[in-house]
Every structure is written in structure tokens, then in C-alpha cells.
**Student:** 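Dumping the structure here so I can ask a few things about it.
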Amino acid sequence: MERTATHRTVLMCRPTHFTVSYRINPWMHPEDPTDTSLAVRQWETLYAKYLELGYDVHLIEGLPGLPDMVYAANGGYVLDGIAYGALFEYPERQPEGPAYMDWFRDNGFDVRVPVATNEGEGDMLLVGDTIYAGTGFRTDVASHDELREIYGREVVTLHLTNPSFYHLDTAFAVLDSAGGPDSVAYLPKAFSPESLAILEERFPDAVIVNDEDAAVLGLNSFSDGKNVVIASRAVDFERQLRERGFTPHGLDLSELLLGGGGVKCCTLELRR
Ligand code: ARG
């Protein structure tokens with residue numbers, strides 16, 4: 001099948017202040033050393049890849065003391081020119097919410113201050129005209145109602161049950177945002193039985209990713225409908241994508257994996 005790329009506009013945050021100094025997910029080990037300059041170099045390969053693919057890439061400046069700010073996907077959710085702000089579950093990340101909202105305001109977005117706890121696009125992914133919204137570890141289900149009110153779209157709640165896949169974007173990838181039976185990829189064991197049944201019904205031809213690829217956050221990928229930027233270590237996922245007519249682009253973001261994030265976590269899509 002011939003795939004077509006759609007132009008993307010994204011927001012990223014260079015990991016100038018990246019480290020692992022606290023533990024809010026099972027991937028993080030503050031006792032182990034991190035290499036900030038390596039994280040920056042690896043992040044630069046993602047930034048360069050997006051420019052090569054012709055995307056518009058905006059940058060927000062990272063703030064000292066906020067080592068997770070590099071994971072821009074958690075900074076909010078942006079659709080129809082409206083930026084729904086993030087309200088983080090853990091105090092360590094809470095100051096990121098206002099920092100991102102300031103950026104959205106300064107860049108002409110209509111900012112909605114959140115009432116319910118939510119971690120932005122990390123837990124909210126658009127497929128067709130439906131927002132798939134995760135809950136279970138970070139984002140409160142009450143925010144799914146806020147999403148419905150703000151965007152007037154269908155919001156489907158998905159329950160995450162595996163602590164290693166604590167954000168929806170670690171267990172579910174949108175390959176074609178136009179939607180369709182094969183438009184996503186996911187890890188079945190990350191979801192409750194009820195949520196899995198929803199995914200099976202709505203996406204009967206989805207790419208089912210294996211445990212090894214999920215364990216390197218292979219699903220934490222970013223697609224424009226044709227090009228899919230993924231972790232290079234997710235070798236089976238790469239093959240599955242090729243078989244389906246996508247063009248995978250593998251990158252090594254191993255240092256950022258120490259914080260529990262990958263390609264998608266470093267990427268917030270901006271939709272006017
Ligand atoms: N250390 C960060 C946290 O636990 C990683 C966030 C990853 N972001 C994502 N969109 N999955 O909050």
C-alpha cells in the first residue's frame with residue numbers, strides 16, 4: 001500500500017538540564033549516572049530527522065531543575081489552535097505545566113487551564129476524529145470530560161494496567177492519523193481487558209508489537225502517515241512497518257530511555 005506523508009508541526013525541548021534525579025516510573029534509577037551531553041547529542045539526531053522530513057519544529061527552552069522537561073509530549077495537548085494545559089501527577093514535574101502554557105500563549109494558542117490531572121499528549125492521541133485518552137497511572141479520567149468539552153470530539157478512555165507503560169504513548173502508536181482499521185500499533189498486555197476489546201474492535205488490522213520491541217519503547221514513535229521515526233532497537237516493529245508500506249527511521253535515544261521516554265515523548269504535535 002502506498003502511504004502518504006502529511007506535513008507536521010511539532011514542539012520540542014532540548015535536554016540541556018536532563019538527568020534522572022527522582023523516580024516516578026520504573027525506568028528511572030536515580031542511583032545510576034546519566035550523561036547529559038550524550039542525551040543532547042541523541043536528541044539532536046531526532047531534531048535533525050524532523051527537519052530532514054520537512055516538519056516545522058518549534059523549541060521551548062528547558063528550565064533548570066526540571067530534568068523531564070525534554071518530554072514535550074507531556075507539556076499539553078494542542079488541537080484546533082486550542083492548547084489544553086497539563087497538570088502533572090507528581091510534584092517534581094508540576095512547574096512544567098505553567099511553563100508550557102506560557103509558551104502556548106506567547107505563540108498564539110488559545111490556552112485552557114486544566115482542572116483535572118493530565119499529562120498532555122503523553123496520554124491523548126488523535127486518530128481520525130477521535131481522541132484516545134489513557135488513564136490509570138497519570139492522567140485522571142476527569143480530564144477526558146474536559147477534553148470532550150473543549151474539543152467537541154469523541155473521547156475514548158483506555159485503561160493502562162502495566163506500570164512500565166504508564167503513558168498511553170508508550171503502549172499505543174498512531175501510524176496514520178487519518179484513521180482506519182490498520183492505522184495504529186499497540187502492546188496488548190498494557191491494557192485492561194475491556195480497553196483491549198475496544199482496540200480490537202476499532203483497529204482489527206493493527207500492528208501488534210512484541211514484548212522486546214515494547215521494552216525499548218518502540219511504540220513511542222512519531223509518524224507523518226508515511227515516515228515513522230522509531231527506536232532503532234525495535235527491529236521487529238521496523239520490519240512490520242516496512243511490510244505495511246511505511247518508511248521507518250530508526251534512532252538511538254538510549255540516554256533519554258533512562259528517564260522512561262523515547263521519540264514520541266520528546267515530541268508534542270501542534271495543530272492549528
Ligand atoms: N520521566 C518522565 C515521567 O515519568 C518521562 C515521561 C515520558 N513521556 C511520555 N510522553 N511518555 O514523567
Side-chain angles (χ1 to χ4, degrees), residues 10-32 34 36 39 42-43 46 60 62-63 65-78 84-97 99-100 114 117-126 131-140 143 158 160-174 185-187 190-191 209 213-223 229-231 234 251 253-270:
V10 300
L11 177 62
M12 297 179 74
C13 179
R14 188 177 271 109
T16 320
H17 304 285
F18 174 77
T19 188
V20 176
S21 54
Y22 49 79
R23 187 163 205 246
I24 57 172
N25 71 54
W27 305 79
M28 302 174 85
H29 298 283
E31 64 283 7
D32 293 345
T34 49
T36 304
Q42 292 180 341
W43 178 93
L46 179 61
I60 180 173
L63 297 172
L66 297 176
D68 276 340
M69 201 167 160
V70 58
Y71 304 114
N74 300 125
Y77 186 74
V78 184
Y84 173 45
L87 180 53
F88 285 83
E89 166 74 5
Y90 292 107
E92 289 89 341
R93 294 196 70 184
Q94 277 164 2
E96 293 182 44
Y100 275 93
T117 298
N118 84 87
E119 298 197 354
E121 199 171 50
D123 271 323
M124 303 162 188
L125 294 167
L126 185 70
I131 301 171
Y132 290 84
T135 189
F137 296 100
R138 303 291 182 89
T139 294
D140 193 294
S143 77
L158 297 173
L160 297 163
T161 56
N162 185 321
S164 292
F165 305 98
Y166 55 94
H167 278 137
L168 182 62
D169 71 359
T170 63
F172 180 86
V174 184
Y186 64 89
L187 176 71
F191 296 93
V209 167
D213 288 352
V216 293
L217 287 188
L219 280 164
N220 197 251
S221 56
F222 189 70
S223 175
V229 185
I230 65 168
L251 294 182
L253 298 188
S254 57
E255 204 60 22
L256 293 161
L257 197 59
L258 301 178
V263 170
K264 178 64 191 73
C265 298
C266 297
T267 312
L268 175 64
E269 190 164 1
L270 304 173

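It should be emphasised that the depicted structure is a prediction, and the values quoted were computed from it without experimental measurement. Counting convention: from 1, in listed order, for ligands and their atoms alike.
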**Student:** Between the side chain of Ser221 and the main-chain N/O of Leu219, is any donor-acceptor distance below 3.5 Å?
**Tutor:**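 Such a contact is found between Ser221 side chain and Leu219 backbone.
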**Student:** Would you tabulate the side-chain donor-acceptor contacts of residues 260-267 under 3.5 Å, counting partners in other chains and residues two or more places apart, or write 'none'?
**Tutor:**
residue: Lys264; atom: NZ; partner: Glu121; partner atom: OE1; Å: 2.9
residue: Lys264; atom: NZ; partner: Thr267; partner atom: O; Å: 2.8
residue: Thr267; atom: OG1; partner: Tyr50; partner atom: OH; Å: 2.8
residue: Thr267; atom: OG1; partner: Val263; partner atom: O; Å: 2.8

**Student:** Determine yes or no for a side-chain-to-main-chain donor-acceptor pair under 3.5 angstrom, with Arg23 supplying the side chain and Pro26 the backbone.
**Tutor:**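 Here the side-chain-to-backbone pair exists.
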**Student:** Can any side-chain N or O of Thr139 pair as donor or acceptor with the backbone N or O of Glu119 at less than 3.5 Å?
**Tutor:**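 Yes: the side chain of Thr139 pairs with the backbone of Glu119.
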**Student:** Quick check: closest heavy atoms across Tyr71 and Gly259, and the distance to 0.1 Å?
**Tutor:**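 Shortest heavy-atom separation between Tyr71 and Gly259 comes out as OH-CA, 3.3 Å.
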**Student:** In terms of the angle between their ring planes, are Tyr132 and Phe172 parallel, tilted or perpendicular, with boundaries placed at 30° and 60°?
**Tutor:**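 Tilted, since the angle between the ring planes falls between 30° and 60°.
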**Student:** For ligand 1, give me the residues whose heavy-atom distance to it is below 4.0 Å, by chain and number please.
**Tutor:**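 Within 4.0 Å of ligand 1, the protein residues are Ile24, Asn25, Met28, Asp68, Tyr71, Ala73, Asn74, Arg93, Gly122, Arg138, Tyr166, His167, Asp169, Thr170, Gly259, Gly260, Cys265.
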